[in-house]
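Starting from 1, each residue takes its place in the sequence as its number.
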Amino acid sequence: LLEIKLNWKKITGSKFSSVCFASSIKKINNKNILIIVSEKRNILELSYSSDQIREKINSFFNGTIIDEIKFKKSLQF
């Protein structure tokens with residue numbers, strides 16, 4: 001998670017990094033699920049791009065690090 005947070009802008013680009021951030025990684029049923037926090041108005045657009053974000057993260061680390069992405073709304077960003 002620390003590596004993802006440190007390289008968030010490099011991984012996702014300025015389009016995504018300006019509206020969201022990686023919050024935590026949970027392991028459920030042997031799958032790594034990345035929790036991304038954003039303002040409510042951005043979550044719908046981000047959810048359509050979740051596959052793209054996941055692929056960028058996994059290619060950055062040259063392997064399958066994240067299996068799924070879930071989004072959570074933030075009151076403050």
Side-chain angles (χ1 to χ4, degrees):
L1 178 63
L2 181 60
E3 286 292 318
I4 291 174
K5 285 184 175 185
L6 289 174
N7 296 298
W8 187 246
K9 191 168 186 172
K10 278 191 235 175
I11 294 169
T12 60
S14 59
K15 177 184 173 186
F16 294 123
S17 66
S18 63
V19 295
C20 65
F21 64 92
S23 173
S24 62
I25 295 177
K26 296 183 180 188
K27 193 164 189 86
I28 300 172
N29 295 333
N30 292 328
K31 288 188 177 187
N32 290 326
I33 300 172
L34 177 67
I35 309 299
I36 294 179
V37 176
S38 182
E39 291 179 335
K40 186 177 180 179
R41 62 189 167 107
N42 296 320
I43 288 179
L44 183 62
E45 180 185 347
L46 288 168
S47 67
Y48 290 127
S49 304
S50 63
D51 288 338
Q52 181 184 1
I53 295 170
R54 183 177 42 83
E55 288 172 15
K56 284 182 176 187
I57 292 169
N58 289 336
S59 66
F60 185 83
F61 291 104
N62 295 323
T64 304
I65 303 298
I66 300 299
D67 297 305
E68 280 183 52
I69 295 178
K70 298 217 182 249
F71 296 94
K72 187 172 145 183
K73 69 177 179 174
S74 170
L75 299 175
Q76 49 185 305
F77 186 76

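- Atoms NZ and OG, from K72 and S24 in turn, are 6.5 Å apart once rounded to the nearest 0.5 Å.
- Contacts classified as side-chain hydrogen bond (donor to acceptor under 3.5 Å, both in side chains) and involving residues 51-64 (residues at least two apart or in different chains) are given here: D51-R54.
- K15 pairs by the side chain to side chain donor-acceptor pair (under 3.5 Å) definition with nothing, not counting sequence neighbours.
- Between W8 and I57, the closest side-chain pair of non-hydrogen atoms falls below 4.5 Å.
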Using residues 25-35 as the side-chain source, report each donor-acceptor pair under 3.5 Å to any protein atom, sequence neighbours left out, with the distance given to one decimal.
unit_1: K27; atom_1: NZ; unit_2: N32; atom_2: OD1; d: 3.4
unit_1: N32; atom_1: ND2; unit_2: I65; atom_2: O; d: 3.0

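- In this structure, the side chains of F60 and I4 stay at 4.5 Å or more apart for every pair of heavy atoms.
- With rounding to the nearest 0.5 angstrom, the CD1 atom of I53 is 5.0 Å from the CD1 atom of I69.
- For the atom pair SG (C20) and CD (E39), the distance works out to 11.0 Å, reported to the nearest 0.5 Å.
- Sparse packing is recorded around CD of E45, with 12 or fewer heavy atoms of other residues, nucleotides or ligands lying under 6.0 Å away.
- A search for side-chain contact (heavy atoms from CB on, under 4.5 Å) contacts involving L2 returns L6, not counting sequence neighbours.
- The minimum heavy-atom distance linking A22 with L1 is given by the pair CB-CD1, 4.4 Å.
- Annotation: side-chain contact (heavy atoms from CB on, under 4.5 Å) contacts of K9 (sequence neighbours excluded): S14, S17.
- Side-chain atoms of F71 and N42, non-hydrogen and from C-beta on, never get closer than 4.5 Å to each other.
- Note that CD1 of I66 and OG of S50 are 12.0 Å apart. Values are rounded to the nearest 0.5 Å.
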